[in-house]
8 protein chains.
Amino acid sequence: MKAILAEILESLYRHKITPEKALQKLKDFPYEDLGFAKVDHARELRRGSPEVVFGQGKTAREISRIARSILKKDNNLLITRLSPEVYKSLKKQLPGGKYHQLARCLTLIKKRPAAGRGQVAILTAGTSDIPVAEEAVVTCNFLGNEVRQIYDVGVAGLHRLLGYYRQLRQARVIIVAAGMEGALPSVVAGLVNAPVIAIPTSTGYGASFHGLSALLAMLNSCPGGVGVVNIDNGFGAGYLASLINHL
Amino acid sequence: MKAILAEILESLYRHKITPEKALQKLKDFPYEDLGFAKVDHARELRRGSPEVVFGQGKTAREISRIARSILKKDNNLLITRLSPEVYKSLKKQLPGGKYHQLARCLTLIKKRPAAGRGQVAILTAGTSDIPVAEEAVVTCNFLGNEVRQIYDVGVAGLHRLLGYYRQLRQARVIIVAAGMEGALPSVVAGLVNAPVIAIPTSTGYGASFHGLSALLAMLNSCPGGVGVVNIDNGFGAGYLASLINHL
Amino acid sequence: MKAILAEILESLYRHKITPEKALQKLKDFPYEDLGFAKVDHARELRRGSPEVVFGQGKTAREISRIARSILKKDNNLLITRLSPEVYKSLKKQLPGGKYHQLARCLTLIKKRPAAGRGQVAILTAGTSDIPVAEEAVVTCNFLGNEVRQIYDVGVAGLHRLLGYYRQLRQARVIIVAAGMEGALPSVVAGLVNAPVIAIPTSTGYGASFHGLSALLAMLNSCPGGVGVVNIDNGFGAGYLASLINHL
Amino acid sequence: MKAILAEILESLYRHKITPEKALQKLKDFPYEDLGFAKVDHARELRRGSPEVVFGQGKTAREISRIARSILKKDNNLLITRLSPEVYKSLKKQLPGGKYHQLARCLTLIKKRPAAGRGQVAILTAGTSDIPVAEEAVVTCNFLGNEVRQIYDVGVAGLHRLLGYYRQLRQARVIIVAAGMEGALPSVVAGLVNAPVIAIPTSTGYGASFHGLSALLAMLNSCPGGVGVVNIDNGFGAGYLASLINHL
Amino acid sequence: MKAILAEILESLYRHKITPEKALQKLKDFPYEDLGFAKVDHARELRRGSPEVVFGQGKTAREISRIARSILKKDNNLLITRLSPEVYKSLKKQLPGGKYHQLARCLTLIKKRPAAGRGQVAILTAGTSDIPVAEEAVVTCNFLGNEVRQIYDVGVAGLHRLLGYYRQLRQARVIIVAAGMEGALPSVVAGLVNAPVIAIPTSTGYGASFHGLSALLAMLNSCPGGVGVVNIDNGFGAGYLASLINHL
Amino acid sequence: MKAILAEILESLYRHKITPEKALQKLKDFPYEDLGFAKVDHARELRRGSPEVVFGQGKTAREISRIARSILKKDNNLLITRLSPEVYKSLKKQLPGGKYHQLARCLTLIKKRPAAGRGQVAILTAGTSDIPVAEEAVVTCNFLGNEVRQIYDVGVAGLHRLLGYYRQLRQARVIIVAAGMEGALPSVVAGLVNAPVIAIPTSTGYGASFHGLSALLAMLNSCPGGVGVVNIDNGFGAGYLASLINHL
Amino acid sequence: MKAILAEILESLYRHKITPEKALQKLKDFPYEDLGFAKVDHARELRRGSPEVVFGQGKTAREISRIARSILKKDNNLLITRLSPEVYKSLKKQLPGGKYHQLARCLTLIKKRPAAGRGQVAILTAGTSDIPVAEEAVVTCNFLGNEVRQIYDVGVAGLHRLLGYYRQLRQARVIIVAAGMEGALPSVVAGLVNAPVIAIPTSTGYGASFHGLSALLAMLNSCPGGVGVVNIDNGFGAGYLASLINHL
Amino acid sequence: MKAILAEILESLYRHKITPEKALQKLKDFPYEDLGFAKVDHARELRRGSPEVVFGQGKTAREISRIARSILKKDNNLLITRLSPEVYKSLKKQLPGGKYHQLARCLTLIKKRPAAGRGQVAILTAGTSDIPVAEEAVVTCNFLGNEVRQIYDVGVAGLHRLLGYYRQLRQARVIIVAAGMEGALPSVVAGLVNAPVIAIPTSTGYGASFHGLSALLAMLNSCPGGVGVVNIDNGFGAGYLASLINHL
């Protein structure tokens, strides 16, 4: 924002614009106002990635209008939490879009994203955590990162995890999705020195309290080097991993 | 109770006692009533272990009276959650009693307890979990079990735990005390086929919520074979381990 | 795992395998990797029981592939939390499988399991707790244990429970499933000296908070000798009971 | 209030008072305003008992002024949650007052309260619940009820409770104080048909969560016939029992 | 139970029965065992009311078998939490049964219940609380109590409540059902000296947390004289009111 | 109420009515009793706004009867939380009513409401918060307030909010609806000196806990000047804003 | 901020300052940076009130330095949550400061604040809520509002509240502090049409959960017109009331 | 660990060691066993940083022994959560150690740590969050990172934050510590594209619930790019930041 501000100040000083105009510019420039949504076209400059559409709680029509506003600017498009039903009704309006079934995401690439510097390893404790992990996979790929998926390596059978020790050490960032007791990120963080991004998943029942138990376990992770995102937030983990991997 | 009932019925049938007497017996027999406490002398017969005095929330005077009521019957005495302060004021009234500083327990052995069949391994994830583990140690010893302590083998450094793999496999029952993310019982249960008794400890801070996080993690333990007791309940874990070890 | 490790080290020392091969073996040996799942064939050796398939959150196709991977090795098969719908679509691929309606489990026995040493008594407080108890029954049977079911003996009518006093005393391990106030395990643990495994159930409404109230009550059980598993976790209780009963 | 209203209306109709006076009366009559407290002298008429002073969170000076305002009207005085420290500084200003150490209450009787019709049985599960029970005892006595104390009869040793079966059946109302798993009220309610007032106590540790576990258990009590009051609320239970016992 | 015990002891003493028989009697007498349920026929003697069938979580077939076991003994029948769907499939098997739509209860009266001594007033704060209140109404009527319904008199318009002041004062027991802020029981308890039974209802949204807010408010009720039952527990409130009203 | 009381007292004094009549009047006057609901016709006088019908948890028939009772008195009608299904069945009985799709409200204006003094700005953090905000919009309009909607200006892109700085400063009251982290009200309250009414919304997933996270964040708002209403309570916010805007 | 921005832009346009200077101004102008705190001198302009020092968690030295930075600019000073101990050590450095014992606040007035337009009524349910209410009183006075205190008028004795009906109707804004069941704001909001600001207090014990119960009750307030602030947040309520009262 | 394993396998293959020796090595090598603690000397190799001593819950004697075990190996020493009292008694045994008052940490540098690649910006929302931030500062410095502290820039006065926009954009990683509403990380993450590590602090009162509110807000952070650590976990944030900054 301040980059924009600096530019505006410069123009003002050079009498290219009036003070009124300057205020106006500040208000109008960086997004398109659809009324129900303000699409942030300047975000890619400001934050290093295009605006992502969070599909949940939006109607097909709202998503479609936001998507088209993004595509119009030749930006890449990622829609997360897009149910198959809504996808079906959007399909025709977004030709070229790819729907990722497990991850429930849609991607549409207009220009190649900047490549991340290393590999992002994405682990799950169990099979049921895979959809959440896949959201992270899609996000990482969308943002230009190479991904390695290592699934079903929970602490109930440590030898499964240890068999991937080499791959873990090669990763630049590691994402770990786990539900139930949420112990896997702690174990992984004890083995490697890559930053670990922990995603608690709502996998489980009873006292898993829809992911709360895993969340708490991860926040209390003993080894250090673990950052936690929201329950089932595969996108958030992938996004953070990508930021780190592009450093 | 029914054993006692059967005996009373028998006596009644043989006219050794009147119906009134029978009712009376039922009421008076199995405990001594101190008013503020009913000391359960029949418990050893019924439950396989003498009544244990839970020291917390009792005054020194109450503890002392209950303790003497137990000792009078030549039963062994275990007082748990006995603060050093209260111990100091009780000391003289319980000659022969041994105070276990870390475990905050007092034991006084009058007759040798029946020996358990195998070894109980007692693990902690960290150093701060030791006092809780020691309560389990004292309880197990008091009830006739051989104990092996393996401390500070949390998941942040798995190799420490794996170094004890042989000892773990030799144990008949395993008690695991862990705070914070509470992941250790899951890892242990994935390695061995002894029953694992998990004690969440209040070790930690912030989102450990005084042991709640560890508790939830343990309840959600994926491998199976884990039974959980209350937060910081070293006694309960030791008692359950002893029951199993005496089978 | 270490048993396997020792064997590998031995082979290495005797130059039967190269160091590379040794590392490779460690990685490949104990499970079959289906990508979305790593089926743990060594588990029976390591943990005394075959891997069990947790059906919830897995697609019929995933379950089927895991199941066949297990059966291929002539291991017994237990699938828990298998909905009737998913069962129906699996049915033909698992000939010989037995579906337990109430317990929502499927079992398929290839070789007779080692027999437990005593009887496992499985109690419920009410009628609504029976499905959870049945999951424990199926699990216990699957693992070679003789089971005695005692249902609907909650604390609201103590005489119902007391009528089974003899059976309770004969059991080597006791499982108690209860929802609502969750008081039954405490009462049972006060009567016998067998280890009691308490299963809180989600039976109830309002302030039962889907089993949380029963869970908390059980964790606070006063008599000692009670280990608690997750809400509605019939399998976990049965598994733990079996471990104890095979000691 | 309406009784007072009716009387005022009557006076007004008979021109004994003016409308203005009537409004005035309504405002001034039923209490004395001390600024920081409005002492409710009409309460005995309205609610069948004098106002009771809740000592917690009030300074000695505030308590003293409220107490004297009550005594001035020759009402009986009950101060609950009165710490020994505050009592010490009040002592001289309330000659004739009796301090109940365990219950932490002060009573001062000016006129004999109306007698309740039956006996109130007050039970505790353990020794640590006695202070809370004693608050109920003092309250019941203060309000004219005969009380029978039955302490330390928790579910861990049912025979202790059953020995008091006759006394339980004789009680008109039963108060049960229990912490930890809070199971005793359910068991009692299953044995008798007197109304049971359950007091969860903060006795316990860890997952007792300062009485929350007991509270939840009591709210979920299966047998019916149980009304629950706040954690440690001995006064509330005694008060409700007295209302019932005076019917 | 003890009454039965005394009788058995007597018989035994008089050599009418053998000790074995006595034990047998104790086990068999007071209920019919349907396997999945133990129907408690002695309950009416013991607790002053017939066993009530809690319909939730039971299949139509289970309910039907329990119901017929009760009716066979010519006891009155009350089934609570009976959905219209289950009712429909039960209808023919329970001729003479009356289904109460709002309350979701079925009653079938074989013999007139003992009449309560006074009137039970049943209040709701709002219209949405009526179904819960109606469960209390049906329960009270079933148990022989006269009921007065006073609905939609919440604290948002106090004059509505005050208009019923006379009726409130006439009631022997008062039940108050309220959701949201749950303030009505406190206000009512401040006006009258009848015991107040508070039912928190799950009426509301957001931070009402399905009745938790109302529940907590009621437990913290300041005036005293309030006993609380579980959220939406119309039956429990009605049952407790009836116990009190029959004193 | 007291205004009414004063009037009644006056009439009584002047012997226009008898004391009995006075009591009667008090009871009957200010509302119409439909049995299941007491419609409060005096509310507009007392509270400055007509009674509003909370549609959730009421049947179409109940809503219809209440609505007609209100309209009969020529009051304006607002029904909130009215689902499209219920609306459809009510439609014909409420000719002239306008259904607001997004807000799920129905309004029917009989007389123009008193105009508020300034503008109410209504902001949302995201697109998914709009339905809640629209409930506030409809409420504000219904009560005579001019509204300015500023949607999708959450803290993830501050420049979007800053672009509306002028509009914010012009508003007399500001309503802010936000889910997830609920940060927007704090930021807004730091920028302006209008009172801010914060509505936490249930927008989000996982650890948003259905709006609890946003609620807590808003209650802890640092800048001051923020009052919080219930989760998703657009009506409550609009109503409070209107009260303030009419001062 | 934007006001400042506009001015800066203007200066820039008129070449009074360079773009660099403009950026600099933006950074330096509105606060004094003490390192550990940034004192916001522009706040009075921006928000209509001077910055207030939240004393809790700050050392005496930090408070003193912030206070002097404020006084140096001849702004009025309010320090909240200032313990007597810290006050004692600050006393000499803040001559002219007035310490409000009950409210635990310090005020020091340099210039008369703008007067609010009406009266703010501040109510408490009980005596123990007074300290919180006094924080609101001090805040309101500090910000130029006339205050009327009405204490100890909780719902347990409605007539006490009704006696102040006239005063309530005269207030422009009403603050209500209540702990325990937190019912008073709902009752007050049902009687008047002034905006009600509800402060839950931590008064109570057990299931009051340090004010959580009162907080939830207030958020669920049925009548509408209630905005809630944090538990014990007397300052926040006073500040919001003042904003409204200055409209 | 596997690196070590590979080496051991190599030695074994080359017959430099026996299988027994290999197993032994595995067990003994990587840590020193103090009984109550296993000091992990291999950690620096494995995890890129020396073992850090978590001082809370350890006695001075335990800390001292662990510290000396670390120093003996010429590793750098960091003790966190070291109270001034414990520090005082340790002081003499750790010559050269530096105690950081605010951060409550002790550092002792034996060899210069590898330098991080960029700058870590550490922000706080308020003054009370500084101690937590300082723990992060000390940790970052200890691990070789350059740090920039930006304190008291909470969302209540956005201009304070915006003034540091340039510094924020220059940082390679940003740590944000905030209590209360915890909004600052969201705002920061909306402005920059560096990874943001959010530390909820226990600053606040009432509904801040000791940092829970801030924690939840941060987990729900809308902009993406935020990883959360435990409440008050300055060390964890610093450690994670360092891992990222050394990539």
Side-chain angles (χ1 to χ4, degrees), chain A residues 84 101-104 122-134 137 147-170 177-184 187 191 201-214 217 231-232, chain C residues 1-5 8 23-43 46-47 51-59 61-63 65-66 80-81 132 135 179 199-202 209-212 214-216 218-219 228-236:
Chain A
Q101 202 93 31
L102 267 176
R104 300 165 69 95
I122 302 184
L123 285 69
T124 74
T127 298
S128 317
D129 305 316
I130 292 178
V132 172
E134 282 293 311
V137 169
V147 168
R148 165 150 219 139
Q149 291 138 289
I150 305 175
Y151 290 166
D152 196 26
V153 290
V155 298
L158 269 186
H159 56 299
R160 297 181 302 191
L161 175 66
L162 295 178
Y164 285 94
Y165 187 66
R166 188 165 300 164
Q167 286 84 340
L168 291 179
R169 297 214 58 135
Q170 285 164 354
M180 301 177 96
E181 79 268 68
L184 188 56
V187 171
L191 293 172
T201 73
S202 51
T203 298
Y205 59 94
S208 85
F209 295 125
H210 310 293
L212 178 59
S213 295
I231 296 164
D232 291 338
Chain C
M1 206 161 47
K2 211 159 203 179
I4 300 163
L5 179 59
I8 294 174
L23 262 173
Q24 186 59 36
K25 256 186 129 86
L26 217 81
K27 190 183 146 198
D28 290 347
F29 183 76
Y31 57 84
E32 178 180 6
D33 193 342
L34 304 176
F36 63 90
K38 319 234 175 300
V39 186
D40 190 348
H41 298 309
R43 186 185 159 96
R46 201 173 77 251
R47 299 237 33 211
E51 186 161 35
V52 171
V53 186
F54 179 68
Q56 181 182 306
K58 294 203 180 72
T59 64
R61 197 159 162 281
E62 287 170 344
I63 294 175
R65 285 187 58 197
I66 297 173
T80 63
R81 307 226 157 199
V132 172
E135 193 183 89
I199 320 174
T201 72
S202 51
F209 295 125
H210 310 292
L212 177 60
L215 169 60
L216 291 176
M218 291 170 182
L219 287 167
V228 184
V229 297
N230 195 358
I231 296 164
D232 289 337
N233 190 3
F235 165 71

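Owing to the predicted nature of the structure, the values given are computational and were not obtained by experimental measurement. All chains are named by letter (A, B, ...) in the order of the sequence lines, taking the proteins before the strands, and each is independently numbered beginning at 1.
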Please flag which part of C/Glu62 lies under 4.5 Å from any non-hydrogen atom of chain A: side chain, backbone, both or neither. side chain

Output the distance between atom CD1 (C/Ile66) and atom OG1 (A/Thr127), rounded to the nearest 0.5 Å. 5.0 Å

If we define contacts as heavy-atom pairs under 4.5 Å, which of A/Ala207, A/Gly204, A/Gly126 has the most with chain C? A/Ala207

Could you work out, with side-chain hydrogen bond (donor to acceptor under 3.5 Å, both in side chains) as the rule, every residue matching A/Thr203, not counting sequence neighbours? A/Asp129, A/Thr201

With sequence neighbours excluded, what pairs up with C/Asn233 under the side-chain hydrogen bond (donor to acceptor under 3.5 Å, both in side chains) test? A/Tyr205

What's the separation between atom OH in A/Tyr151 and atom CG in C/Leu34, rounded to the nearest 0.5 Å? 15.0 Å

Looking at every heavy atom in both C/Gly57 and A/Ser128, which two are closest together, and how far apart are they? O-OG, 3.7 Å

A/Asp152 versus C/Ala37, closest heavy-atom pair with distance: OD2-CA, 3.0 Å

